[in-house]
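Quick notes on the structure that follows.
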Amino acid sequence: MPTLVIANKCYSSWSLRPWLLLKQLGIPFDEVLIPLDQPDTKAAILKHSPAGKVPVLIEGAVTVWESIAIMDHVGETFEDAQVWPRDLNARAMARSVAAEMHAGFGALRSACPMNLGKRYAPRDRGEAVGRDVARITAIWRDARSRFGAGGPFLFGAFSAADAMYAPVVTRFDTYSIPVDPVSRAYMDTILSLAAFREWREAALREPWMTPSDEVDEEPVAVFRMLGERQAP
């Protein structure tokens, strides 16, 4: 059974991606969670990852890091796992937009870090964030229009592309970012997944707070109240 090494579920967007994919594909795995911003965090991660980052998938003698590499490994290792769409055109787009997510949208990531424990009021978050939001929602609408007839996900059935964009869905939800009806329906699909609800429920039980992932503004709702402690 593979082991997936991840960080805090409240904050770690990269950890969510392969975790959600494995859950949605029904692939059993063990989980090791290493809290961020603790005195032993770096040493604990280096025990598993030569890059010193999570997520990491360990399967016997094989170690895979970086979310897209993990997803591709899953597709190669588990024959029945439909990681990418079967249709050639859909698969080409899915891989492209997943890579675009991996490499881009820095303004959104910086201004709106993933935080499942709070919700913030809508406000102008700057032109660069606006451009990222416009591009992301255009991707979602295009994928749904061209390839979404077979189901509620970007390419009909759930794929690695949905796993890559799931943390973006949470960002739009956390920061009350307005989107078009097609994008809102897609967001609701991701947020209602049993696997995502499992992740979120675990995130809200975590005791750790990571200051670098907390924005300096007053939330309109706080979902994670009990047992919080400030990380040193």
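Asp162 places a side-chain N or O within donor-acceptor distance of the main-chain N or O of Leu154, the cut-off being under 3.5 Å. In this structure, Ser183 contributes its side chain and Val179 its backbone to no donor-acceptor pair below 3.5 Å.
Hydrophobic clustering (ILVMFWY, side-chain heavy atoms < 4.5 Å, transitive): Val182 and Ile136 are in distinct clusters.
The residues Glu198 and Lys23 are annotated as salt-bridged, a charged nitrogen and a carboxylate oxygen being separated by less than 4.0 angstrom.
Considering all non-hydrogen atoms of both residues, Pro85 and Phe155 come closest at CG-CB, 3.8 Å. Counting all heavy atoms, side chain and backbone alike, Asp132 lies closest to Gly106 at OD2-N, 3.8 Å. Taking each heavy atom of Ile70 and Pro55 in turn, the nearest pair found is CD1-O, 3.8 Å. When all heavy atoms of Val64 and Val62 are compared, the pair lying nearest together is CG2-CG1, 3.8 Å. Heavy atoms only, all atoms of each residue included: Lys9 and Ala202 are closest at CD-CB, 3.7 Å.
A perpendicular orientation is assigned to the rings of Phe29 and Trp19, their planes being inclined by more than 60° (bins at 30° and 60°).
Remark: Asp30 CG is packed, more than 12 non-hydrogen atoms of other residues, nucleotides or ligands lying under 6.0 Å away.
Both cation-pi conditions hold for Arg200 and Phe223: the charged atom is under 6.0 angstrom from the six-membered ring centre and inside a 45 degree cone around its axis.
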